[in-house]
Amino acid sequence: MNTAVLEEVRSPMNKAIHVSLPDATTPTDPSANIVSVRGITKFYGSDVHALEDVNLDFPTGQMTTLLGPSGCGKTTLLKIIAGLLDSTSGEVMVKGKTVTSPGPERAFVFQDFALLPWATVTRNVAFGLELTGVPLKEREAKAKTYIEKVGLSGFEDKYPHELSGGMRQRVGLARALAVDADVLLMDEPFSAVDEQNRRKFQEDLLHLLSVEKKTVIFVTHSIEEAVYVSDQIVLLSPRPGRIHSIIRPELDRSSSPDDIRRDKVYLDTVEEIWGNIREYLD
Amino acid sequence: MDLAFILPPFSSVLGELTTLILRHDFHAAAWQTFQAFAIGMFFAITGGIALGFIMGTSKTANNILGMWVNIFASAPLSSVVPVLMLLFGLGQLTVVVIVILFSIWIIALDTYAGVHHTSNSLKEMGRSFGANQRQLLVKILFWAALPEILAGVRLGLIRAVKGIVIGQLLLSVVALGRMFRTFSDNFQFEEFWALTLILFVFALLFSTLIGRLESKVEYYAGTRD
Ligand SMILES: Nc1ncnc2c1ncn2[C@@H]1O[C@H](COP(=O)(O)OP(=O)(O)OP(=O)(O)O)[C@@H](O)[C@H]1O
Ligand SMILES: [Mg+2]
């Protein structure tokens with residue numbers, strides 16, 4: 001570890017802070033951590049070892065980012081938490097209960113949006129509610145509120161192919177918000193969104209989440225994005241994916257987005273993470 | 001045999017066509033054929049789609065059924081038409097069976113392709129938002145596979161018409177053999193070709209109609225992986 005990092009760990013105010021890792025025996029505290037994973041190991045078939053003994057806590061109401069190079073198992077871990085994929089061993093706890101399948105407390109935002117191409121924006125946003133049998137009028141009203149919140153008013157009756165990538169992902173976000181889950185699972189939600197829209201979208205997302213009070217588990221391989229949006233960054237090492245370190249960038253989020261991006265803590269944290277990643281890329 | 005007898009001049013076919021269309025007994029006959037055709041297509045479409053879904057959603061089923069469906073879809077079925085006529089006679093039932101036999105396999109294969117190629121993330125999306133098996137099927141897989149299903153139905157329709165025409169050809173040849181001995185000049189080739197022509201026009205009409213539907217859903221076929 002370089003000296004800059006050590007210094008940061010020592011200094012008390014407004015710096016990135018390293019957090020000690022939980023292990024398989026650390027008790028989970030459902031009131032503080034809405035999601036906990038213990039001892040997650042994942043093999044695809046018999047020879048692809050994707051994850052090895054992952055132990056993590058996701059604090060309620062916070063944004064945790066899974067960061068790491070391509071193929072390190074970020075999506076795998078997220079899908080195991082979502083209940084879309086079975087782990088080889090270990091368990092996922094949501095609100096203190098072990099889960100093995102998808103549930104209403106968790107909503108997924110997909111990298112490729114996963115919108116129904118044959119359905120309008122309104123029906124797509126309301127789709128989660130449609131599946132759980134919410135009456136048409138009620139779910140359309142709810143969809144309308146969230147379409148507004150993600151900034152898509154006026155596009156209610158458009159089809160996905162009539163929208164830009166950024167707008168499609170806003171539909172995906174509105175769909176996840178509409179089911180009122182406590183935990184949002186987002187797999188590289190901005191990777192198919194162009195740079196300008198991406199920044200705007202990140203800002204909107206942060207604003208929206210501060211209002212909606214969600215816990216977010218966010219996958220990205222952009223260091224800048226991770227530092228900008230996260231309360232907690234989990235750095236994964238390459239195959240088999242293990243936790244390399246956990247970093248909490250203590251940014252002053254009350255300042256403007258541009259100021260945050262110029263903030264010394266922001267820049268230092270980005271550099272520090274880059275240094276860590278370079279270690280195992282060599 | 002005189003070729004001009006079997007292949008009458010086109011003008012006389014057209015002439016026969018108009019008189020045929022105006023005749024009452026033709027209306028009844030055409031209506032019966034059409035009914036049988038529609039019934040056959042109904043079973044072929046429902047059966048083919050069901051078969052395609054079973055193959056598309058279960059690996060085991062696909063391993064067992066896939067090979068047979070493929071064989072039947074590419075088999076020279078025309079050769080079994082005479083057997084069918086022997087088995088089921090020359091009435092509506094034969095038409096129904098021929099239509100099903102000629103079209104169900106291609107509908108099943110295309111449906112399978114559509115279900116099989118439905119993007120994984122769309123299925124995961126359904127599951128993550130709590131869809132049960134039935135919802136996954138009717139709210140996601142069916143619509144995702146619709147472009148392929150329609151293509152399959154259109155191809156099945158064309159094959160079915162082909163089956164019927166072959167059947168009629170064979171029928172007329174059989175009839176011809178008998179007629180040569182007894183009342184050879186009674187067999188009207190003009191009438192036969194006129195009927196065939198009408199069938200083709202019907203087929204063209206329907207396949208254009210389905211083609212229209214297909215282009216309506218095309219936009220989302222293009223947005224898939
Ligand atoms: N269905 C699968 N079958 C076999 N191997 C798989 C499967 N899915 C993922 N893998 C492998 O497991 C490892 C982790 O994959 P995963 O998709 O979780 O990585 P990731 O961190 O999300 O990568 P990226 O940043 O490229 O999205 C990779 O090496 C990948 O090749
Ligand atoms: Mg991934």
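Letters A, B, ... are given to chains in the order of the sequence lines, protein chains preceding strands, and every chain is numbered from 1.
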Roughly how far, to the nearest 0.5 Å, is the [atom2] atom of [Y] from the [atom1] atom of [X]?
{"X": "Q135(B)", "Y": "T132(A)", "atom1": "CD", "atom2": "OG1", "result": "8.5 Å"}
{"X": "K139(B)", "Y": "L116(A)", "atom1": "NZ", "atom2": "CG", "result": "10.0 Å"}
{"X": "I140(B)", "Y": "L131(A)", "atom1": "CD1", "atom2": "CG", "result": "6.5 Å"}

| task | Taking R127(B) for its side chain and P102(A) for its backbone only, find out whether a donor-acceptor pair lies under 3.5 Å. | result |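 Answer holds: no.
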| request: Could you tell me which non-hydrogen atom of P117(A) sits nearest to which non-hydrogen atom of L122(B), and how far apart they are? | output: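 Closest approach of P117(A) to L122(B): CD-CD2, 4.5 Å.
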| field | Inter-chain contacts: residues 97-106 of chain B against chain A, heavy atoms under 4.5 Å | value |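 No residue falls under the 4.5 Å cut-off.
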| message | Test: side chain to side chain donor-acceptor pair (under 3.5 Å). Region: residues 68-85 of chain A. Which pairs qualify, not counting sequence neighbours? | response |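 Sorted result for residues 68-85 of chain A: Y44(A)-T76(A), T75(A)-D187(A), K79(A)-E124(B).
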| Pairs flagged by side chain to side chain donor-acceptor pair (under 3.5 Å) wherever residues 49-76 of chain B is involved - sequence neighbours left out |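 Listed once each, the pairs are N62(B)-Y112(B).
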| With sequence neighbours excluded, what pairs up with F110(A) under the ring-ring contact (aromatic ring centres under 6.0 Å, His included) test? |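 So F110(A) forms a ring-ring contact (aromatic ring centres under 6.0 Å, His included) with F108(A).
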Of the backbone (N, CA, C, O) and the side chain (C-beta and beyond), which part of [X] lies under 4.5 Å from a heavy atom of chain B, both, or neither?
{"X": "R106(A)", "value": "backbone"}
{"X": "F113(A)", "value": "neither"}
{"X": "L115(A)", "value": "backbone"}

Please determine whether the number of non-hydrogen atoms from other residues, nucleotides or ligands lying under 6.0 Å from atom [atom1] of [X] exceeds 12.
{"X": "H49(A)", "atom1": "NE2", "value": "yes"}
{"X": "D86(A)", "atom1": "CG", "value": "no"}
{"X": "K144(A)", "atom1": "NZ", "value": "no"}

